[in-house]
Novice: 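Starting off with a structure, shown below.
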Amino acid sequence: MSEIFYAREIFHYFLHFIFPFFIAKVFFKDHWRKAYLIMIATMAVDIDHIFADPIFDPNRASIGFHPLHTYPAIAVYFLGTVFFKGYYKIASVGLLFHMFTDFQDYYFWQ
């Protein structure tokens, strides 16, 4: 069981910190460094975890539980990828990918 836990954690943080680099290099070639940093900065969305008790629970799905991880919030992030340009679009992509990462962390590893 502990091997699965470690694989889950490694994969989770790989998706949060490393994979956005590839997204930035492929989709935002001209300014990939800023795009990568913006996508990393979108992890600040996890500030909503401080309202939960306990703050971290590996057996709780973030999606649909924390205020900035709700489906209406995700819809706003998606709309940002459609209607925004520049850095706002990059932030929206980062937020959507963050939600995917949190989604897979709970639903794919159970």
Side-chain angles (χ1 to χ4, degrees):
M1 180 65 178
S2 64
E3 294 84 15
I4 292 174
F5 176 77
Y6 290 125
R8 175 183 176 185
E9 294 300 309
I10 290 168
F11 192 67
H12 181 86
Y13 288 108
F14 169 81
L15 290 178
H16 271 320
F17 289 102
I18 307 300
F19 200 79
F21 169 81
F22 296 107
I23 295 172
K25 288 291 277 185
V26 170
F27 295 105
F28 305 104
K29 294 175 187 162
D30 295 337
H31 47 279
W32 68 267
R33 286 180 183 92
K34 283 186 182 179
Y36 174 70
L37 292 174
I38 290 168
M39 285 188 276
I40 293 301
T42 63
M43 284 194 288
V45 75
D46 279 342
I47 193 73
D48 63 358
H49 288 241
I50 65 170
F51 300 114
D53 186 27
I55 290 175
F56 174 72
D57 182 356
N59 297 315
R60 177 178 62 216
S62 293
I63 305 300
F65 183 81
H66 301 293
L68 297 174
H69 291 67
T70 60
Y71 292 106
I74 294 169
V76 171
Y77 307 151
F78 175 77
L79 290 174
T81 65
V82 176
F83 295 109
F84 292 157
K85 294 184 185 233
Y87 298 137
Y88 295 109
K89 178 177 238 150
I90 295 167
S92 295
V93 169
L95 287 165
L96 268 183
F97 192 73
H98 181 101
M99 296 304 128
F100 167 75
T101 298
D102 286 358
F103 178 86
Q104 70 78 35
D105 187 52
Y106 181 77
Y107 291 103
F108 294 174
W109 292 90
Q110 290 299 318

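We use all heavy atoms of the structure for the numbers below, so side chains are in, but hydrogens, waters and symmetry mates are not.
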Novice: Can you check whether Ser62's main-chain N or O pairs, donor with acceptor, with Asp102's side chain at less than 3.5 Å?
Specialist: no
Novice: Could you tell me which non-hydrogen atom of Gly80 sits nearest to which non-hydrogen atom of Ser92, and how far apart they are?
Specialist: CA-OG, 3.3 Å
Novice: With ring centroids as reference points, do Phe27 and Trp32 lie under 6.0 angstrom apart?
Specialist: no
Novice: Measure the spacing between NE2 of His31 and CD1 of Ile38 and express it to the nearest 0.5 Å.
Specialist: 7.0 Å
Novice: Please examine the side chains of Val76 and Leu95, heavy atoms only from C-beta on, and report whether any two atoms are closer than 4.5 Å.
Specialist: no
Novice: Side chains of Met99 and Val45: does their closest heavy-atom pair fall under 4.5 Å?
Specialist: yes
Novice: Report the distance from atom CG of Leu15 to atom CZ of Phe103, rounding to the nearest 0.5 Å.
Specialist: 13.5 Å
Novice: Are Ile55 and Phe51 connected, step by step, through hydrophobic side chains (Ile, Leu, Val, Met, Phe, Trp, Tyr) whose heavy atoms are closer than 4.5 Å?
Specialist: no
Novice: Does Phe78 CZ have over 12 foreign heavy atoms under 6.0 Å away?
Specialist: no
Novice: For Ala35 and Ala24, which heavy atoms make the closest approach, and how far apart are they?
Specialist: CB-CB, 3.9 Å
Novice: Just wondering, do Ile40 and Phe21 contact through their side chains at under 4.5 Å, heavy atoms?
Specialist: no
Novice: Tell me, do Phe28 and Val93 make a side-chain contact under 4.5 Å, heavy atoms counted?
Specialist: yes
Novice: Are the side chains of Ile74 and Ile63 in touch, meaning some heavy atoms are under 4.5 Å apart?
Specialist: yes
Novice: Between Phe65 and Phe108, is there shared hydrophobic-cluster membership here, with clusters defined by ILVMFWY side-chain heavy atoms closer than 4.5 Å?
Specialist: no
Novice: Quick one: which residue pairs count as a salt bridge (charged side-chain N to carboxylate O under 4.0 Å, His left out) with a foot in residues 56-65, not counting sequence neighbours?
Specialist: none
Novice: Does atom CG (Leu37) have a neighbourhood of more than 12 heavy atoms from anything else shown, all under 6.0 Å?
Specialist: yes
Novice: Please round to the nearest 0.5 Å and tell me the distance separating atom OG1 of Thr42 and atom CG of Leu68.
Specialist: 11.5 Å
Novice: Can you classify the ring geometry of His16 versus His12 as parallel (below 30°), tilted (30 to 60°) or perpendicular (above 60°)?
Specialist: perpendicular
Novice: Determine whether His98 and His69 make a side-chain contact, defined as any pair of heavy atoms from C-beta on separated by less than 4.5 Å.
Specialist: yes
Novice: Would you please classify the geometry between the Tyr13 ring and the Phe17 ring as parallel, tilted or perpendicular, with 30° and 60° separating the classes?
Specialist: parallel
Novice: If you take all heavy atoms of Pro20 and Tyr36, which pair is closest and at what distance?
Specialist: C-CD1, 3.7 Å
Novice: Can you find a heavy atom in the side chain of Lys34 that is under 4.5 Å from one in the side chain of Ile90?
Specialist: no
Novice: Measuring from atom CZ of Arg8 to atom OH of Tyr106, what distance do you get when rounded to the nearest 0.5 angstrom?
Specialist: 8.5 Å
Novice: List for me each residue that meets side chain to side chain contact (heavy atoms under 4.5 Å, CB included) alongside Tyr88, sequence neighbours excluded, and say none if there are none.
Specialist: Phe84
Novice: First locate atom CD1 of Ile10, then atom CD1 of Ile18, and finally report the distance between them rounded to the nearest 0.5 Å.
Specialist: 12.0 Å
Novice: Side chains of Phe11 and Gln104: closer than 4.5 Å at any heavy-atom pair?
Specialist: yes
Novice: Do Tyr71 and Phe100 share a hydrophobic cluster (ILVMFWY, side-chain heavy atoms under 4.5 Å, transitive)?
Specialist: yes
